[in-house]
Each structure stands twice: as C-alpha cells, then as structure tokens.
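First up is the structure itself, then whatever we jot down about it.
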2 protein chains.
Amino acid sequence: MATLLYTILTSTADGAIEVMGHVLPTAFGLLGEATLSERSSRSEVVYRLLRQAILEQALKPGTKLSEDTIADHFKVSRTSVRGALVRLNAEGIVDLRANKGACVAEPTLEEARDIFSLRRMLEAEVIRRLVADLGTSGFKRLEQHVREEQAALSDHGPLSIRLAGEFHILLAELTGSQALTRFVREVVSRCSLILARFARLHSPECAVDEHIQIIRALRSKDIAAAEKIMLEHLDAVELRAELNPDKAEPDISEILKRYASES
Amino acid sequence: MATLLYTILTSTADGAIEVMGHVLPTAFGLLGEATLSERSSRSEVVYRLLRQAILEQALKPGTKLSEDTIADHFKVSRTSVRGALVRLNAEGIVDLRANKGACVAEPTLEEARDIFSLRRMLEAEVIRRLVADLGTSGFKRLEQHVREEQAALSDHGPLSIRLAGEFHILLAELTGSQALTRFVREVVSRCSLILARFARLHSPECAVDEHIQIIRALRSKDIAAAEKIMLEHLDAVELRAELNPDKAEPDISEILKRYASES
DNA sequence: TATCCGACTATCGTATGCAATTGATGGCGC
DNA sequence: GCGCCATCAATTGCATACGATAGTCGGATA
C-alpha cells in the first residue's frame, strides 16, 4: 500500500495533477471512513485524490474528467477511475453524463440555496448534539484541528480551503452519528463546489476565528448561543458565496429558458 | 433470494427493460433521477433491480451478493454488476468488503436508532416545507400514490412494502429540494433494511391509513398538527421495528464485545 | 456561398482474461 | 488425537480489448 501511494505521489510529480501530491499527507485522517491502517485499493486512492482535488478547488466546477486522462496521470486503468467517478457521482460532486464523460458538478444558484438551507438544518442538529455530550477528547481534537487551520493560513493555499470544510465534518463526526456525518460531509462538499463556482475569492481568515467561536460556544454548553453562532457562521459562508442572482449565470440553459417562452 | 433471482431471471429473459415495466411503473418517477426517456445502461438496470430487490426485502440483510452469481443471473458481465454494487455501497444499503465480496448491509441496533432519529428530523422538515407550498398537483400525486398503496395491499407482497417507503420519498420530492430528497431516500432505504432485519413482520395496513392522515394534515395547513402526525407515524414505524436490545442480536461482534472486556 | 450529409475520431460502455487475495481442505509433525 | 502449515479452489481487483455512441470535420449539392 505504502508503495502504491508512493508511486502515485511520485508519478504525479511530473504530471498535470501534481497539486494533489503536495497536500495529500495531512488529509488522510478525515477524508474517508477508511483509516490508514486498511489497505486501499487503487480505486479508493483515485477516489480520495480526486475528491481532495475537487474540494481544494484545484479541479473547478465544469472541468471535464476524462477517464483516459485521469487513468494516464495516475498510472492506473480506466476501470479503477470509473469506480472512483461512480462514487463521486453518488456523492453529488461529479456529474456523469452517459457517453459524454464526467465533469466536476456545477451547482446552480437554486441548488446552492437549497444546499445552504439544508446545511443550516443539519449543522444546527450537530451543535445541539455536541452541546449535550462532547467530552474532553472531543474538544482536544477540535482545538488541534483549528491549530492546523491556523498553521495552514500562511500559504493561502488549497489546504486552508479544505481544512475549513473539514472542521465541520469533524464536528459531525464527534456526534458519533454515522448518518449525520455522511450528510454533513455531503453538504460541506457541495458547499465547496458552490464557493468555487460563485465566490470571488476564498477568505479563510475569518472562518478560523469563527470556528474558534464555535468551540467556545460549545464549551459554554449554551445550546441557543452555540446554535446561533453556528448559524451566523454559515450565513457568513453563504454571504461569501455571493449568491446574488444577477451575477455568474450558472448555466446556458438558465439563460435560454427566458428566451424559449418568447419564441 | 432464490425466488427473487428466479423472478428476475425469468423476467429478464425477454429483455431487461421490459421487466421493469412489470414492477416499476409506479416507481419510475421515484427510483432515480433518470426518466423513462433516457436509455438505461446495463449497470443502471442492475442497480435499480438490486435496489428494488433489497427494498422489497427479497434480498435480506446479510445476503451475500457475489458478483459472478448476479452477473450470471442478469446475463451481464461482472463489470456492470460492480458498478451497481459501488453505487449501492455509496448509498449505504450494501456493504463492500475488500476481497471478500459484497453483501446487503446489516444495520446494527445503534445505527437503527441513529437513522430513525435523523429520519424524524428530515421528514419534519419535509412537512414544514410542504405545508408552506404544496399545490393541487402535489396533492393529486400523493392521493394517486396512496390509491396504489391500497391496491397493493391485497397481495401482502413486496410491492406494498416498497410503496410504503416511496410515499415518503414522494413527499420529499414534492418539496422540490433535490438534496432533501436524496437524504430522505437514503434514510428510507436504510429503514427498509432495519425493518427487514429486526421487525417480526411488516404490517403495511396501518401505514396506509397513516399516510392518508398525513395528507389530510397537509391540507389543513396546520404546521404543528401535520408535523405531529408525521412524527407519530414515524414512531409507529419505529415501534414496528421492535428495536429492543434484548432480541435479535445484530452481530456476533456485538455479542463478543461484552466478553472481550472480561478476558 | 450556405446548408446538409456522411465518414472519422475520440471517448465511453461492456466483456473477458489474468493476477492477487482469501478461506478451506488435507497432510504432516507432535 | 490434536494442532499447524502448505497447497488449492473460489472470488475479487485490475487491466486490456472490442464494440457503440456522440461530436466534428470535410465535401457535395443546391
């Protein structure tokens, strides 16, 4: 396994997707249910790397994900790539159009609002549960994560983008609810896509402060306050997404829809 | 299992898509994003049939899903089967153990309670949204669905089991929120597994009545009342699941856990 | 010159073959 | 007789090959 990862890391060093090689190591804890100890199949590795690349916005919404290209870069067969793409499609971060190849999903404005709405609901629930029973070790993990976020701030790179999202996934994990974690993972992923698509630029500095506030609120054991902070944080994130309808038309079909009725 | 594969086998004998005509006509709007007009790939067909078989409890939790066996019965290659299994795994209704094959997921008691808890939250949200804006056509679809449920009651078969679950998915669809629909689909699917695993027998008669009550509550536009009815309905479903810890130990590991600490 | 049609290319969908891993069975030593 | 190890069968993981489909480019015709 280690050898496989090594070959992939080195092989990407001279490929086009080399970005992903750099940031991989720190990512491994959170990226999936699978821990380091389990052997990873090739398909699994491709899945993780692609997912990571998308969440770090190295692969932007709309980017074509040709099976051949990816297979060549990772030095694996298309079979393994297909498996990864199917999974990513099931998570909603990759669109899979029959006979026309896959591409990074492009959430529309409507979907974006939808996702944020659900995210508020889910994460409010996370907070409620954590206020009820978050132990010392949980706080330790949160604080450790925030420290990593702060450390990553300096490079202003993809790492901080990803860590910002993973803070929320970590919160969900700490509830101990697998299903809730799954759903939060999904909305957070989709939010990454939304930000990549609509936000002018990601400004993670604020986010870290807000994350610290969330931890503090959790410590206070005040449900209402904690929930309020979380919702405000999510509002801030949505604000950063600049989901105003008059900019960045999501889709040609969206535009043409208005003309179709007049013809 | 054998019976199911047999029915599938015989019905696929004269063409894969026609088969689904028999069992899926009412479901087609629900079962996936794909509409009838799009051509379905083999992998897609296998996916739908397997999913349906699992949700109708023809394939029970724990059943081994050998690639070869399925491929032979469906007269397709293992490749198509694998694609379907990966998708089902992503939805959480199939477990995929590396090098050891797939099997229908076996939710533990703990997971079961977790799922029900989330389901309550999600479906309460569905109700809140529907009370706000459910149009005439929406009610028509709901009533049509309930009629189908009633018609299916007579055979006491798998169809009524599936339709009962799909009522909830239909509710979610009517909110217009893709993400919410996704999540509801997932919890409903998992609940099917849970019922298959723990419930003594499925008694769908009650469910239909309860579904009618839900529609009535939605008509009344009384959020609190509608939400209450839905939650009561879900409580009833959970009750039917008989999630009492002292019966039907989910897992050998669960049992041995208690012994491990004493060794 | 503009439009339509047909061949071409690139890419995907599927099948098949081989390598790798797991679990089992039988033989061997104790 | 009992336990351990090696070999074997079964099944999955992966790669490659082939057929099918969609988009593109060039030529023929009006």
Side-chain angles (χ1 to χ4, degrees), chain A residues 1-8 11 16-17 32 34 37-50 59 62-90 94-105 252-253, chain B residues 1 5 12 15-17 19 32-35 37-50 59 62-90 94-105 252-253:
Chain A
M1 174 54 223
T3 55
L4 171 67
L5 267 182
Y6 179 73
T7 52
I8 284 182
S11 68
I17 321 195
S37 57
E38 336 179 356
R39 289 194 32 258
S40 307
S41 66
R42 286 169 149 84
S43 183
E44 172 84 16
V45 173
V46 174
Y47 162 77
R48 287 197 213 160
L49 291 176
L50 280 181
L59 295 173
T63 304
K64 181 93 188 297
L65 298 174
S66 158
E67 295 180 3
D68 273 324
T69 310
I70 298 171
D72 289 346
H73 277 293
F74 284 134
K75 303 271 167 48
V76 298
S77 76
R78 278 177 47 221
T79 308
S80 311
V81 176
R82 281 185 71 79
L85 290 177
V86 169
R87 275 180 75 180
L88 292 168
N89 175 63
V94 158
D95 273 355
L96 222 51
R97 299 153 308 174
N99 288 312
K100 293 201 294 181
C103 65
V104 180
I252 300 183
S253 69
Chain B
M1 165 67 189
L5 286 178
T12 46
I17 312 285
V19 192
E33 290 73 10
T35 62
S37 56
E38 336 182 354
R39 262 182 35 89
S40 308
S41 69
R42 282 157 192 227
S43 183
E44 173 84 15
V45 172
V46 174
Y47 162 76
R48 288 196 210 160
L49 290 176
L50 280 181
L59 293 173
T63 304
K64 180 92 190 296
L65 298 173
S66 157
E67 295 181 2
D68 270 325
T69 310
I70 299 171
D72 289 346
H73 279 292
F74 282 124
K75 304 271 170 53
V76 298
S77 75
R78 277 176 48 221
T79 309
S80 310
V81 176
R82 280 183 72 81
L85 290 177
V86 169
R87 272 181 77 179
L88 291 168
N89 176 62
V94 158
D95 272 355
L96 222 51
R97 300 154 307 175
N99 289 314
K100 294 202 297 179
C103 65
V104 180
I252 300 182
S253 67

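Letters go in sequence order (proteins before strands), and every chain restarts at 1.
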(request) Would you check if R97(B) and C103(B) make a side-chain contact, meaning some heavy-atom pair closer than 4.5 Å? (result) yes

(request) Among D68(A), I70(A), V86(A), find the residue that satisfies the side chain to side chain contact (heavy atoms under 4.5 Å, CB included) test when tested with V81(A). (result) I70(A)

Quick one: [X] [atom1] to [N] [atom2], roughly how many Å, whole number?
X	N	atom1	atom2	result
Y47(A)	dG13(D)	OH	C1'	19 Å
F74(A)	dC14(D)	CZ	C1'	16 Å
L85(B)	dT11(D)	CG	P	15 Å
L96(B)	dT11(D)	CG	C1'	13 Å

(request) Give a yes/no on whether any side-chain N or O of S80(A) is located under 4.0 angstrom from OP1 or OP2 of dA15(D). (result) yes

(message) Whether T79(B) contacts dT14(C) is assessed here as follows: a side-chain N or O lying under 4.0 Å from the phosphate OP1 or OP2. Is that the case?
(response) no

(message) Output one letter per nucleotide in nucleotides 8-13 of chain C: B when a protein non-hydrogen atom lies under 4.0 Å from the base, S when only the sugar-phosphate is that close, - when neither is.
(response) ----BB

(message) If the condition is side-chain hydrogen bond (donor to acceptor under 3.5 Å, both in side chains), which residues does R42(B) pass it with, not counting sequence neighbours?
(response) none

(request) Sequence neighbours left out, what passes side-chain contact (heavy atoms from CB on, under 4.5 Å) with T79(A)? Give chain and number order. (result) S77(A)

(message) Return the CD to CG distance between E67(B) and D72(B), rounded to the nearest 0.5 Å.
(response) 11.5 Å

(message) Testing the basics here: between L50(A) and L59(A), what is the closest heavy-atom pair and its distance to 0.1 Å?
(response) CD2-CD1, 4.1 Å

